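If you're wondering where the values come from, they're calculated on a predicted model, not measured in any experiment.
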Amino acid sequence: MILELKIKNFLSFKEEVTFSFEATKDKTFEDYQVVEVAPNTRILRLAVVYGANASGKSNLLKAFEFLRNFWFDIPEDKDESTGVYPFLLDKITPQESSEFSLIFYVEGIKHLYTLVIEKEKVISEKLYVYPGVQPALIFDRQLNGSVSEITFNPKRVKINQAAKDEITVKCLPNMSVFAAYNKVNVAAPEIDSVIEWIKSHYMQSISPETGLVNYAENEISKDKTAKEYILNFLHRADYNITNVNTEEVEENLPEDMLSFLLSKVDDLPNDERERLKKERTIKLRKTEFEHQVLNTKGEAESYKLPKGLQSDGTLRTFGLSGVIRKVTEKNAFLTIDEMESSLHPRLVEFIIEDFFKQKGQSQLLLTTHYDGLLEEDDLLRKDSIWFTNKKENGSTELYSLADFKGVNRISSLQKAYKYGKFRATPNI
């Protein structure tokens with residue numbers, strides 16, 4: 001589970017900000033919203049971020065996504081960009097490093113990862129584990145001139161010198177130690193457990209443009225249990241869908257489409273390129289939704305409609321149901337930008353309610369403009385509500401509702417937010 005992320009000089013975050021899933025002493029909804037991952041460490045399963053447009057909500061999610069991508073991306077050469085963007089509305093920060101610090105738990109054991117990085121190179125990268133109160137270093141990577149020097153703690157990492165040297169050689173200045181480690185045939189349990197946690201429990205971010213439908217289609221085509229879960233989810237969400245059938249079909253490619261794929265898509269695998277030339281067909285997934293309705297006699301009738309005739313809300317719910325299932329099944333961490341996109345407000349509430357019913361160590365970080373959630377006293381804890389606010393210099397400040405005094409005396413959080421009590425609203 002993730003406890004905390006510190007960000008500095010990344011996108012709209014100029015000064016250091018801290019986002020935390022750490023629960024306060026409040027015991028509200030303790031049994032299903034809080035996990036005591038270690039003695040005296042209580043972590044929230046959900047956080048919701050509010051803020052005006054362009055205030056930095058999405059940038060918080062992009063910080064999490066940047067780390068996930070950076071950990072395993074393998075650049076083609078040492079001149080490729082790391083993908084980091086410093087705060088650009090300033091004359092000094094574009095020349096300074098971006099900084100990240102992530103505290104997380106793997107099987108109940110606390111870890112700390114720190115990263116200092118620029119567009120062209122990594123300045124510093126460290127990983128710690130907490131066998132007790134004090135941290136123990138796993139690896140320390142520092143830039144010396146144009147070469148990355150990696151030091152492994154011999155008390156924690158038992159690998160031979162030849163493997164260490166190979167990792168150092170393969171670790172380009174613009175890539176992570178994790179990516180270099182994965183290119184070497186070596187096993188170090190302290191590092192392997194972290195890599196496995198990232199791959200299995202740290203999911204890719206979801207935006208309104210993410211192709212969730214394809215994900216759900218793949219899930220139901222290969223897993224009967226997933227199909228049952230998704231159909232049950234849709235039924236409880238008040239859709240009249242009784243079945244979803246998906247199959248892979250081959251269709252002939254028009255000449256102009258074939259020409260486009262062969263000439264314009266640079267990353268098309270060679271074997272697929274040769275197959276297209278020879279077979280001139282493309283594999284597509286055909287999905288039909290079976291709807292049950294009552295006719296004029298009050299009798300139930302079923303009709304199959306293709307995916308293209310479903311509403312945006314239906315497809316969004318269908319896709320999210322598959323992802324939420326995977327999150328809870330894997331006890332994973334997931335960020336969703338603009339949770340309310342294409343959804344009725346009651347559906348947003350339903351999805352959160354359903355997530356909480358699936359007890360475990362899964363975590364959701366959501367951004368939304370739907371302030372009606374603030375009125376749901378039986379849904380959100382006060383320490384799970386966060387705000388982003390755009391300062392006069394264009395940078396983002398990030399803070400929690402729990403930081404405000406006297407919140408318990410406010411009769412309507414929704415009205416308080418609407419009228420600027422917590423800032424984080426457009427100054428119109």
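- Ser124 places a side-chain heavy atom less than 4.5 Å from the side chain of Lys126.
- Here the side chains of Leu373 and Ile352 are in contact, with some heavy-atom distance below 4.5 Å.
- Between Thr396 and Val17 there is no side-chain heavy-atom pair separated by less than 4.5 Å.
- When side chains are defined from C-beta on, Asp73 does not count as touching Met175, because their heavy atoms never get closer than 4.5 Å.
- For Glu80 and Lys78, the salt-bridge test fails: no basic side-chain N is under 4.0 Å from an acidic carboxylate O.
- Scored by the ring-ring contact (aromatic ring centres under 6.0 Å, His included) test, Phe66 finds Phe10, Phe70, Phe100 as partners (sequence neighbours excluded).
- Contact of the Tyr399 side chain with the Asn389 side chain is registered, since non-hydrogen atoms from C-beta on lie closer than 4.5 Å.
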Please tabulate, one pair per line, all N/O donor-acceptor pairs under 3.5 Å involving side-chain atoms of residues 106-116, not counting sequence neighbours.
{"from": "His111", "atom 1": "ND1", "to": "Ile109", "atom 2": "O", "distance (Å)": "3.0"}
{"from": "Tyr113", "atom 1": "OH", "to": "Trp71", "atom 2": "NE1", "distance (Å)": "3.4"}
{"from": "Tyr113", "atom 1": "OH", "to": "Glu125", "atom 2": "OE2", "distance (Å)": "2.7"}

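- Here the CD atom belonging to Glu190 is positioned 11.5 Å from the CZ atom belonging to Phe139, to the nearest 0.5 angstrom.
- Heavy atoms from other residues, nucleotides or ligands lying under 6.0 Å from CG of Asn393 number more than 12.
- The local environment of NZ in Lys391 is crowded, with over 12 non-hydrogen atoms from other residues, nucleotides or ligands closer than 6.0 Å.
- Between Glu65 and Ser205, the side chains place a donor N or O and an acceptor N or O closer than 3.5 Å (distance only, hydrogens not considered).
- The number of heavy atoms from other shown groups lying within 6.0 Å of CG (Asn232) is above 12.
- Using a 3.5 Å distance cut-off with no hydrogens or angles, the side chains of Thr246 and Glu217 do not pair a donor with an acceptor.
- Counted by atom type alone, Asp371 and Gln414 present one or more donor-acceptor pairs between their side chains at under 3.5 Å.
- Counting heavy atoms from C-beta outward, Leu364 and Phe356 have side chains that stay 4.5 Å or more apart.
- Within 6.0 Å of atom NZ in Lys158, more than 12 heavy atoms from other residues, nucleotides or ligands are found, so the atom counts as buried in its surroundings.
- Trp197 has its ring centre less than 6.0 Å from the ring centre of Phe104.
- Judged purely by distance below 3.5 Å, without hydrogens or angles, the side chains of Asp192 and Tyr181 pair a donor atom with an acceptor atom.
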Review item, side-chain donor-acceptor pairs of residues 83-91, under 3.5 Å, at least two apart:
{"from": "Asp90", "atom 1": "OD1", "to": "Ile92", "atom 2": "N", "distance (Å)": "2.6"}
{"from": "Asp90", "atom 1": "OD1", "to": "Thr93", "atom 2": "N", "distance (Å)": "3.1"}
{"from": "Asp90", "atom 1": "OD2", "to": "Lys14", "atom 2": "NZ", "distance (Å)": "2.9"}

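- Here Glu22 does not pair with Arg42 in a salt bridge; the nearest charged N to carboxylate O distance is not below 4.0 Å.
- Counted within 6.0 Å of NZ on Lys390, heavy atoms from surrounding residues, nucleotides or ligands total 12 or fewer; the atom is thus considered open.
- Checking Thr368, Thr367, Thr210 one by one against Asp337, the side chain to side chain donor-acceptor pair (under 3.5 Å) holds for a single residue, Thr367.
- Under a cut-off of 6.0 angstrom, the local environment of NZ in Lys421 is sparse, with at most 12 non-hydrogen atoms contributed by other residues, nucleotides or ligands.
- Residues Leu3 and Tyr105 have side chains in contact (heavy-atom distance under 4.5 Å, counting atoms from C-beta outward).
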